[in-house]
Protein chains: 2
Amino acid sequence: MKPAYLQVKEFIQQHISSGEWRPGDPVPSEATLMQQFEISRMTVNRALRELNSEGMVKRVQGLGSFVAELHRISSSLHLRDIQEEVVERGHVHSARVLLSQAEKASAEVAQSLGLRAGARVFHTVIVHLENGVPIQYEDRHVNPAVSPGYLETNFVKTTPTAHLLKEAPLTEAHYSIEACLPTPDQARYLDVAPHEACLAMARRTVSGKHVASVVRLVYPGSRYSFAGKFQA
Amino acid sequence: MKPAYLQVKEFIQQHISSGEWRPGDPVPSEATLMQQFEISRMTVNRALRELNSEGMVKRVQGLGSFVAELHRISSSLHLRDIQEEVVERGHVHSARVLLSQAEKASAEVAQSLGLRAGARVFHTVIVHLENGVPIQYEDRHVNPAVSPGYLETNFVKTTPTAHLLKEAPLTEAHYSIEACLPTPDQARYLDVAPHEACLAMARRTVSGKHVASVVRLVYPGSRYSFAGKFQA
DNA sequence: CAGTGGTCTAGACCACCGA
DNA sequence: CGGTGGTCTAGACCACTGG
């Protein structure tokens, strides 16, 4: 037997996704559902509370519960480690380190990392391969305050993403996905034509009070896509 | 005074994001937190249950609650109507209908829509503009069973997305984001150079038992990006 | 076995809304 | 005012885990 709160949830979801209850329509009140299902109010409350936090219904104190506007169908992207992703597909991950050094930050990099221009930062450029085929060009700048030992890491065995996640639990990350043409360097190391469209993700990760790292990930357009599922 | 369940949530979140409790570490049990906060078990349970559904902790019956692995930081993309999006930015949306007709489905389209090859489908191609500048080329095929009156819609005033959302509440949608070069047609109507990289989203929307629509949305790489925030 | 989370109840008090 | 949701309690029974 399914839990009572789940039965209530499914009952309501069914009426919504069948189109019988339209966005804006009132959902039966807690009192009504209590009687209908012969269960306690806490149980009904849980069902409605969860539907609310899932964006399925909207609740207003003193007024009632209503079917939510349905544009709110959403998807969750996850911040994944490229190595983990490749291994999960049953393939072999390898990496080629093109650069790994300390530098003085340019104005732009300093700004993104929340440091003053000219501050010492770590810079790595790594190409990730799946079964020997290049799939990601990773150009990363790291805040030394967050990971002092960053450059001593063996980036063939562990990725910067994995290392930084372990070093500094991150609290948030901003990203932007865009299309671009590869730079000559990127084209060479990703093994794509100079005019082939590429997918790029720019990402800034924050750990506590510090910006941990800024990175530009470039993927060959012909060999990579972000896929997912929106779900009600 | 903040609700007790929220205080417990924040207490735990603080210990996690400060790095004091690492991924895999056990979180205090319900019984412990009951005593510590002098509140009932239901309240503690709610706090932990919500943290669990938010991906912050992982709970195992019979074992305990643990700090979740932090790769699970995620972002929520929303399925938005382009018109709504433009208006929200305080700009003017307009549209140019390049094609709007019934057709016999090609094998590929029929497959995506879950119909037999040669079945009658609706096909629209529309360019969306923001303040007169083209930003999206929308090539869409619609299942007539889901929206029989689709072609009678005035697509200058309302978008296919808005119309379909209203017509058929959707239950899920699959998407894939990739980089591509524009076709000659797309380049012309989006007003981009033939070699400029573009961003494309392929999307298949499902309403109940039917596939409602398949669409390919092409954006000029220089004028559009998907941005967002991962959050713990 | 003892400890954990999963679920549920019957009642309670409060804040908010509209009439 | 009555109806709504927001929160909380003290207890209960169950299923699962480990030793």
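Each chain gets a letter, A, B and so on, in the order the sequences are listed, and its residues count up from 1.
A:L33 has its CG atom 16 Å from the P atom of D:dG3, to the nearest Å. Whole-Å rounding puts the B:E50 CD to D:dG6 C1' distance at 12 Å. If you take CZ of B:F66 and C1' of D:dT17, they are 10 Å apart, rounded to a whole angstrom. With rounding to whole Å, A:N52 atom CG is found 11 Å from D:dG6 atom C1'. One atom, CE of A:M42, and another, P of C:dG6, lie 15 Å apart when rounded to the nearest Å. Summarising the geometry, the separation between CE on B:M34 and C1' on D:dG11 is reported as 10 Å, rounded to the nearest angstrom. D:dT9 atom C1' lies 11 Å from atom CD1 of B:I39, rounded to whole Å. With rounding to whole Å, B:K58 atom NZ is found 13 Å from D:dT17 atom P.
Side-chain to base pairing of A:R41 with D:dG6: one donor and one acceptor N or O lie within less than 3.5 Å of each other.
Looking at the side chain of A:Q61, the nearest of the listed nucleotides C:dG18, C:dC8, D:dG5 is D:dG5. Proximity note for A:R46 (side chain, C-beta onward) versus C:dG5, C:dT7, D:dG5: the nearest is C:dT7.
Counting non-hydrogen atoms of other residues, nucleotides and ligands closer than 6.0 Å to CD of B:Q111 gives a total of 12 or fewer.
Seen from the ring of B:Y175, B:R203 does not count as a face-on cation partner, given the 6.0 Å and 45° thresholds.
For B:S29, no side-chain nitrogen or oxygen approaches OP1 or OP2 of C:dG3 to under 4.0 Å. Proximity of B:S40 to the phosphate of D:dC8: no side-chain N or O atom is located under 4.0 Å from OP1 or OP2. Regarding contacts with the backbone of D:dC8, every side-chain N or O of B:Y5 stays at 4.0 angstrom or more from both OP1 and OP2. Phosphate contact (OP1/OP2 of D:dT7, side-chain N/O of B:T43, threshold under 4.0 Å): absent. The shortest distance between the side-chain N/O atoms of B:R49 and the OP1/OP2 oxygens of C:dG5 is not below 4.0 Å.
Side-chain atoms of A:H93 and A:E130 form no donor-acceptor pair, as typed in the model, at a separation below 3.5 Å. Looking at B:Y150 and B:S100, their side chains never bring a donor and an acceptor atom within 3.5 Å of each other.
Using a distance-only test at 3.5 Å, with no hydrogens or angles considered, a donor-acceptor pair links the side chain of B:R223 to the main chain of B:P134.
Both B:A31 and A:V60 sit near DNA chain C, but only B:A31 has its closest nucleotide nearer the 5' end.
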